[in-house]
Colleague: 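Take a look at this one; I'll ask things after.
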2 protein chains.
Amino acid sequence: MGRTSTAKEKLIQSAIELIGTRSYNAVGVQELCDHSGVKKGSFYHFFPSKRDLTLEALDTMWNKFKELILDPIFNSDMSPVDKFSSLIKRSYEHQSSTKDCTGCVTGCGIGNLALELSTQDEIIRQKIEQIFEEWTQYFEDVIVDAINDGDLSVDTDPRSTSQAILAYMEGVSLMGKAFNDPGMISRLGEGMAQICISKIKTAAGEQVQRLA
Amino acid sequence: MGRTSTAKEKLIQSAIELIGTRSYNAVGVQELCDHSGVKKGSFYHFFPSKRDLTLEALDTMWNKFKELILDPIFNSDMSPVDKFSSLIKRSYEHQSSTKDCTGCVTGCGIGNLALELSTQDEIIRQKIEQIFEEWTQYFEDVIVDAINDGDLSVDTDPRSTSQAILAYMEGVSLMGKAFNDPGMISRLGEGMAQICISKIKTAAGEQVQRLA
DNA sequence: TATATAGTTTACCAACTAGTCAACTATAAG
DNA sequence: CTTATAGTTGACTAGTTGGTAAACTATATA
């Protein structure tokens, strides 16, 4: 009953774009409304606060990222190393085209909010923690497979290793943003598979070849 | 001539504390003044803008970090691996005690500003880029030594590798902040030396031992 | 001791902040 | 066709933002 609306979706999309290229605190409710062509009264009809919009934007970002990037790569039959390198390749391409449009490397939208808001908003921090938890799960599954295939030592800790890989990805994004250079992402991304290789099974020289 | 003052130093210190534990945009000039017991008029006597205070705070942070952490470690006679692991250890201790005081892991003050402001303030981005450049130089020197000592392959790229190490450190800080868990820093920090080891010289198995 | 000047203080500004509210309007479903 | 209701609108807070201006005061130096 009543009328239908696309205002909510437009606001979420604007939040992803504006907060994604600047920051949470640098983008106001008014600007979000102007950008999406929604009046402020409608904003507060759909979202109790700017924080709640951000929470939903975070969900949308994460779901799109899974659907468009993570699922296709990690449900494929690529080798572990190829999975990680296509992830880096996609990340490079995205940051590269963003820079062509806006002049700026914007980095990872989730990582950006993590650093800006983790100490200020416990609910947002928890949402990001949960996203990071899901994200590392993709990596963990690959690592467990690699251990079962004998490509990684049985005493590799899949959880810590997958967290380390995510940490490295986020760090590489940060450097790309700080240097405003998408090339940084592809250059540093090459080293990603190395995060696992100290836990190589036996004849290390040969295994290093297999992974890197 | 005229009177002397400690207001400037107090403002810089407050900026480091307040912006460091929250964010640039979350801390206002008034709060900076209240926290340091300086009137707003005095603020603008010393700094033309909040941005300029932040630029000076960034300088002070970086100089203290060099003096207290980087110089003692990297001018010592430790092995390369020991240098990196004491850096991680110090980082863990710092984040851990910060959490005890404030309840929050605050991460790296420079990395925080990098993600928040790189797309919004080109001058601040450039200052951070320059700090990161200096920072990686410490690592690069160690890597060059390791190459000369035969511990790393001659085709290791010292610049990319040192940038990769800084990226990993920043990423680990980000994860520590996102999970609000200082333990993350020590746990993930263990894997840091692995960033270099794929470029291991010849008998990889033996070299891995030497590094990790 | 005189004084130029560095530093302090107060009151102020215009613009903006997140958020409220009540009147209004279009429409989906009975 | 009716009507309950989802969505829209614009005017409105109360507080905050970064920054300004001018009068005032303490003091280092000559």
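The analysis underlying the following values was restricted to heavy atoms, covering all of them including side chains, and did not include hydrogens, waters or symmetry mates. First the proteins, then the strands, lettered A, B, ... as listed; each starts at 1. Just so it is clear, the structure is predicted and the values come from calculations on it, not from any experiment.
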Colleague: Main chain of A/Ile124, side chain of A/Arg51: is a donor-acceptor contact present, judged purely on distance under 3.5 Å?
Modeller: no
Colleague: I'd like to know if the side chain of B/Thr106 reaches the main chain of B/Gly20, judged simply by a donor and an acceptor atom lying under 3.5 Å from each other, with no hydrogens or angles considered.
Modeller: no
Colleague: For B/Asp145, what residues pass the side chain to side chain contact (heavy atoms under 4.5 Å, CB included) criterion, not counting sequence neighbours?
Modeller: none
Colleague: Assess the residue pair A/Lys99 and A/Asp181 against the criterion (salt bridge (charged side-chain N to carboxylate O under 4.0 Å, His left out)); give the C-alpha distance rounded to whole Å, side-chain angles, the decisive distance to 0.1 Å, and a yes or no.
Modeller: CA-CA 8 Å; A/Lys99 187 176 177 184; A/Asp181 175 17; over 6 Å; no
Colleague: If you measure from CD1 on B/Ile16 to CG on B/Leu11, what distance do you get to the nearest 0.5 Å?
Modeller: 11.5 Å
Colleague: Which angle, to the nearest 10 degrees, lies between the helix axes at the two ends of the helix from C/dT1-D/dA30 to C/dG30-D/dC1, each defined by five pairs?
Modeller: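 What I find for the helix from C/dT1-D/dA30 to C/dG30-D/dC1 is an axis angle of 20°.
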Colleague: Any side-chain to backbone donor/acceptor pair from B/Tyr168 onto A/Ala164? Under 3.5 Å, distance only.
Modeller: no
Colleague: Does the side chain of B/Asn25 come under 3.5 Å of the side chain of B/Ser23 through a donor N or O and an acceptor N or O?
Modeller: no
Colleague: Would A/Glu122 and A/Arg125 count as a salt bridge (charged side-chain N to carboxylate O under 4.0 Å, His left out) here? Give the steps.
Modeller: CA-CA 5 Å; A/Glu122 177 62 12; A/Arg125 191 198 64 75; 2.8 Å; yes
Colleague: Which residues pass the ring-ring contact (aromatic ring centres under 6.0 Å, His included) test with B/Phe43, sequence neighbours left out?
Modeller: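 In terms of ring-ring contact (aromatic ring centres under 6.0 Å, His included), with neighbours along the sequence ignored, B/Phe43 is linked to B/Phe47.
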Colleague: Are more than 12 heavy atoms from other residues, nucleotides or ligands located less than 6.0 Å from atom NZ of B/Lys66?
Modeller: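 Check passes, neighbour count above 12.
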Colleague: When A/Ile147 is tested against each of A/Leu152, A/Thr161, A/Val142 for side chain to side chain contact (heavy atoms under 4.5 Å, CB included), which residue passes?
Modeller: A/Leu152
Colleague: Might you list the N or O atoms of the protein lying below 3.5 Å from N or O atoms in nucleotides 18-20 of chain D, with each pair's distance?
Modeller:
| unit_1 | atom_1 | unit_2 | atom_2 | d |
| --- | --- | --- | --- | --- |
| D/dG18 | OP1 | B/Lys50 | NZ | 3.0 |
| D/dG18 | OP2 | B/Val29 | N | 2.7 |
| D/dG18 | N7 | B/Lys40 | NZ | 3.1 |
| D/dG19 | OP2 | B/Tyr44 | OH | 3.1 |
| D/dG19 | OP2 | B/Lys50 | N | 3.1 |
| D/dG19 | N7 | B/Lys40 | NZ | 3.4 |
| D/dG19 | O6 | B/Lys40 | NZ | 3.0 |

Colleague: Any side-chain to backbone donor/acceptor pair from A/Glu116 onto A/Tyr24? Under 3.5 Å, distance only.
Modeller: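 Yes; at least one donor-acceptor contact below 3.5 Å.
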Colleague: Which atoms of nucleotides 3-7 of chain C (N or O only) lie under 3.5 Å from a protein N or O atom, and what are those distances?
Modeller:
| unit_1 | atom_1 | unit_2 | atom_2 | d |
| --- | --- | --- | --- | --- |
| C/dA6 | O4' | B/Met1 | O | 3.0 |
| C/dA6 | O3' | B/Arg3 | O | 3.3 |
| C/dG7 | O3' | B/Ser5 | OG | 3.4 |
| C/dG7 | N2 | B/Arg3 | NH2 | 3.2 |

Colleague: Using a heavy-atom distance cut-off of less than 4.0 Å, which residues of residues 112-126 of chain B contact DNA chain C?
Modeller: none
